[in-house]
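Below, read A as the first sequence line, B as the second, and so on, with proteins coming before strands; counting in each chain starts at 1.
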Amino acid sequence: MDAAFVPGVAVVTSALSLRKILGEVVDPEIPVLTIADLGILRKVEEAADGTIRVTITPTYSGCPAMDHLRAEIERVLGEHGHDRVAITTVFAPAWTTDWMTSEGRTKLEKYGIAPPRQDPTEEILCPRCRDDGSRLVSEFGATACKALRVCSSCGEPFDHFKEI
Amino acid sequence: MSRLHEYLIRLADDNLILSQRLSEYISRAPELEEDLAVANIALDHLGVAMHLLSYAAEVQGDGRTADDLAFLRSEREYTNVLLVEQPNVDFAHIIARQFLFDAYQTGLWQALAASNDETLAGVAAKAAKEAAYHLRHSSGWMIRLGDGTAESHDRAQAALATLWRFVDELFAGDDLDAEMAATGYGVAPEELRSEWDHRVDSTLTAATLQRSEDGYQRSGGRNGFHTEQLGHLLGEMQWMQRSYPGLQW
């Protein structure tokens, strides 16, 4: 634990370093993405009494990862000496793939998942051969946020992170 | 019981019961992709139900949790529409039930996204995106089944004939709906009908299927009077909590 944790000495952590700490929390279903990359992490701040207030929003209504993410946020902050954590889940404004960072999109493609497009009129590129021809196999993939496609050029199936 | 609580319960029940029905079908769909689709759609409905029941519990503040509301209410206390409790029968029934309901919920959530109640509006805005996606899926299948083989056409038409008797109930507002619409919390379901007609007709035309509307119409779900189907569904869904009260994962 760092030296700032001398009893009686106030710990002041900037919002920026809190975000950095929370960068360790990854999506359990797509572990290359952090909750910040996904846009799930909406706000983090330290209250006057030292409580860390974290605001998150679910990707989909039935996202089964939310309980896990709440536990992870508490665990990671706890490891950095923040024992008082208050997590709020908000629904409005509704999560959109537009909130995914460009870094997140790059990581996603490297991982083999076609990232959500910023402009839905663009073609979806195959994450393996980057060909722009593919067809939809199913509107629903292995998780709620993905659709299943197959590349017309290299013939490989791939997941596409759907724009919503 | 607060009126808002009652209203949230009926919205939640539609989603919870449909989710349970869809979950029964997992591993039995005609192809793997549809198994995934059914599971995902069920999960979306379950998520909406969970958020609404949690909020309903909070509004009521009598110590009951969302789980208590889901697992410890009896059949007569469930206020879902009859359509969502109807059995799976075959793939055509599942798709037709989903299609009729998606077309309804798409309009419902869009309207409720403007609710004066901030929490309900937030849940609705999120659900509206999901409902639109569900509708695209179920409409696509209505067209493939209806305009597919003679067998798939006949089954889709038969499913519509069976399920159409539960359509009017979706749009039959009662005192609670009127009260919620007047306060700006809710929406009068009658107002959703013309848009629904339009959505459904354009897909049915492309699917070469007919409406099935001259028959007898059933209702009662909003008052807790259900078809025989719901009791069986709840028996299975609630068995664990009834047999082992308070059991936790």
_Any donor-acceptor N/O pair, B:Asn40 side chain to A:Phe140 backbone, under 3.5 Å_ = no
*Please round to the nearest 0.5 Å and tell me the distance separating atom CD of B:Glu130 and atom OG of A:Ser61.*
3.5 Å
_Can you confirm whether B:Glu77 is buried at CD, in the sense that more than 12 heavy atoms of other residues, nucleotides or ligands lie under 6.0 Å from that atom?_
yes
_Rounded distance (nearest 0.5 Å) linking atom NZ of A:Lys162 with atom NZ of B:Lys129_ = 12.5 Å
_Within residues 105-117 of chain A, residues adjacent to chain B where the heavy-atom gap is under 4.5 Å_ = none
*Counting heavy-atom pairs under 4.5 Å to chain B, which of A:Ala142, A:Pro64, A:Gly141 comes out on top?*
A:Gly141
*Select one option (side chain, backbone, both, neither) describing which atoms of A:Pro93 are under 4.5 Å from chain B's heavy atoms.*
neither
*asked:* Working to the nearest 0.5 angstrom, can you tell me the gap between B:Tyr55 OH and A:Phe91 CZ?
replied: 11.5 Å
*More than 12 heavy atoms of other residues, nucleotides or ligands under 6.0 Å from CD of B:Glu31: is that the case?*
yes
*Apply ring-ring contact (aromatic ring centres under 6.0 Å, His included) to B:Tyr104 and list each qualifying residue two or more places apart in sequence or on a separate chain.*
B:Phe101, B:Phe171
_Within a 6.0 Å radius of atom CZ on B:Arg28, are there more than 12 heavy atoms belonging to other residues, nucleotides or ligands?_
no
_So for atom NE2, which belongs to B:His198, do other residues, nucleotides or ligands contribute more than 12 heavy atoms lying within a distance under 6.0 Å?_
no
*Rounded to the nearest 0.5 Å, what separation is found between the OG1 atom of A:Thr96 and the NZ atom of B:Lys126?*
9.0 Å
_Quick check on B:Glu195: does its CD atom have over 12 non-hydrogen neighbours (other residues, nucleotides or ligands) under 6.0 Å away?_
no
_chain B contact via A:Thr89 - side chain, backbone, both or neither, heavy atoms under 4.5 Å_ = neither
*asked:* Out of B:Thr119, B:Ile41, B:Val48, B:Leu43, return the one with the most heavy atom pairs under 4.5 angstrom to chain A.
replied: B:Leu43
*Inspect the surroundings of CZ in B:Arg155 and state if more than 12 heavy atoms from other residues, nucleotides or ligands are less than 6.0 Å away.*
no
_Between B:His137 and A:Glu139 (side chain of the first, backbone of the second, donor and acceptor by atom type, cut-off under 3.5 Å), is there such a pair?_
no
*Interatomic spacing from CD in B:Glu33 to CG in A:Leu136 - rounded to 0.5 Å*: 10.0 Å
